[in-house]
Protein chains: 2
Amino acid sequence: MNKMHKEHNLTKNQKIIFDLIDKSPQPLKAYSILYNVQKKGIKAPLQVYRALDKLVEIGKIHKIESRNAFIACHNSNCQVAKATAFSICEICEKVTEISSAGLSKYLANFKDKDGMKYSKYNLEFFGLCKKCTLK
Amino acid sequence: MNKMHKEHNLTKNQKIIFDLIDKSPQPLKAYSILYNVQKKGIKAPLQVYRALDKLVEIGKIHKIESRNAFIACHNSNCQVAKATAFSICEICEKVTEISSAGLSKYLANFKDKDGMKYSKYNLEFFGLCKKCTLK
DNA sequence: TACATAATGTTATATTATAACAATAACTAA
DNA sequence: TTAGTTATTGTTATAATATAACATTATGTA
Ligand SMILES: [Zn+2]
Ligand SMILES: [Zn+2]
Ligand SMILES: [Zn+2]
Ligand SMILES: [Zn+2]
């Protein structure tokens with residue numbers, strides 16, 4: 001396998017599943033992924049979930065928790081899935097990863113009154129996207 | 001009970017389920033709730049989910065999305081479940097609702113580059129609580 | 001009253017996710 | 001190289017989370 005790239009060397013299943021998610025304009029759910037990759041030999045839910053777990057772990061995809069769905073990371077700053085923010089349209093379900101230096105900085109530095117130390121966060125904003133606002 | 005909330009007259013099932021969640025020191029999952037209220041005559045998952053949906057809608061409880069679990073609101077500022085923030089310990093799973101005027105203000109005013117208008121957000125911080133840090 | 005709305009009870013089913021175990025592939029170090 | 005180790009895969013079964021559909025009962029309101 002080609003080792004020239006510094007990117008993670010995805011395995012066969014991981015690559016099949018990442019490519020599908022990466023091409024999708026909206027988040028995909030696990031069983032929809034399964035249905036779409038069955039022609040490529042991935043037959044069981046666990047094969048999908050294992051690839052998803054790994055892809056989340058290395059930051060290639062993110063899970064949209066409120067939707068149980070997965071989206072490819074398009075934010076080059078975000079090597080690992082430890083600081084994520086998304087906007088979600090409640091009508092058309094369009095999801096966009098938010099890339100804001102100000103927001104990242106604010107949240108990375110946030111400290112609560114108990115002095116708890118945070119290593120990770122996930123933020124989901126909900127509202128109407130531009131398109132749906134005009135309707 | 002928190003009187004800052006607008007008083008909703010909870011129905012019988014809603015009250016049984018809210019009381020259970022309110023007394024719990026940690027978030028409860030739907031089927032654990034079901035198990036615990038069966039002696040009070042609530043027999044089916046749907047009875048639990050319907051009460052949970054309503055309680056979330058009126059802001060008496062919140063769903064911790066990353067855990068599929070429910071916690072009572074102890075934040076008097078939080079009339080409705082439109083602006084929520086939690087800290088979650090990744091070892092002991094202790095969850096605390098964050099009440100920070102600065103954070104609320106920052107997030108309520110946040111605007112992304114597409115000019116999307118947000119009506120709601122949910123933020124989950126992950127890390128180690130004080131107790132687990134000392135171990 | 002009569003109508004509308006909300007909540008309940010019940011059965012069945014859909015959706016999301018993991019357990020357990022055997023086999024293979026890939027990586028590491030003597 | 002070769003054995004030991006770890007990661008990944010394949011497979012079957014099952015657990016955990018959540019909703020559909022429909023009949024009934026309670027509550028609010030004109
Ligand atoms: Zn990202
Ligand atoms: Zn939209
Ligand atoms: Zn609250
Ligand atoms: Zn802890």
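The sequence lines fix the lettering, A, B, ..., with proteins before strands; numbering per chain opens at 1. Only heavy atoms go into these numbers, but all of them, side chains included; no hydrogens, no water, no symmetry mates.
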What is the separation between atom [atom1] on [X] and atom [atom2] on [N], rounded to the nearest whole Å?
X	N	atom1	atom2	value
Tyr35(B)	dA16(D)	OH	C1'	17 Å
Arg67(B)	dA17(C)	CZ	C1'	15 Å
Lys15(B)	dT8(C)	NZ	C1'	18 Å
Gln14(B)	dA26(D)	CD	P	16 Å
Glu65(A)	dT17(D)	CD	P	14 Å
Phe70(B)	dA18(D)	CZ	P	6 Å
Leu28(A)	dA17(C)	CG	P	13 Å
Lys54(A)	dA7(D)	NZ	C1'	8 Å

Between [X] and [Y], a side-chain donor and acceptor under 3.5 Å:
X	Y	result
Asn122(B)	His62(B)	no
Asn36(A)	Gln38(A)	no
Ser66(B)	Glu124(B)	yes

Subject >> Shortest non-hydrogen contact between Cys129(A) and Cys89(A), atoms and distance >> reply: N-SG, 3.4 Å
Original post:
Which atom names give the shortest non-hydrogen contact between Pro27(B) and Ala69(B), and what distance separates them?
Top reply: CB-CB, 3.6 Å
Verify the contact: side-chain N or O of [X] to OP1 or OP2 of [N], cut-off strictly under 4.0 Å; return yes or no.
X	N	result
Asn68(B)	dA18(D)	yes
Thr11(B)	dT8(C)	yes
Lys29(A)	dT16(C)	yes
Asn13(B)	dG9(C)	yes
Lys12(B)	dG9(C)	yes

Original post:
Linking I/L/V/M/F/W/Y whenever their side-chain heavy atoms sit closer than 4.5 Å, directly or via other members, would Phe126(B) and Leu123(A) fall into one cluster?
Top reply: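 No.
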Original post:
How many angstroms lie between atom CD1 of Ile21(A) and atom CD1 of Ile33(A), to the nearest 0.5 angstrom?
Top reply: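 Answer for the CD1-CD1 pair, Ile21(A) versus Ile33(A), is 4.0 Å.
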Subject >> Spacing of OG1 belonging to Thr96(A) relative to CD belonging to Gln26(A), to within rounding of 0.5 Å >> reply: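 Going from OG1 on Thr96(A) over to CD on Gln26(A), the span is 11.5 Å.
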Original post:
Between the two ends of the helix from dT1(C)-dA30(D) to dA30(C)-dT1(D), what is the bend in degrees, rounded to 10 degrees, where each end axis spans five pairs?
Top reply: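 Roughly 50° between the end axes, to the nearest 10°.
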Original post:
Does the dA15(D) base have a donor-acceptor partner in the side chain of Tyr31(B) within less than 3.5 Å?
Top reply: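 Looking at the base of dA15(D), it does not pair with any donor or acceptor on the side chain of Tyr31(B) (distance under 3.5 Å).
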**OP:** State, yes or no, whether a side-chain contact exists between Phe110(B) and Tyr118(B) at a heavy-atom distance under 4.5 Å.
**Re:**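 Heavy-atom side-chain distance check passes, below 4.5 Å.
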**OP:** Using a cut-off of strictly less than 4.0 Å between a heavy atom of the residue and any atom of DNA chain C, enumerate the qualifying residues of residues 42-53 of chain B by number.
**Re:** Lys43(B), Ala44(B), Leu46(B), Gln47(B), Arg50(B)
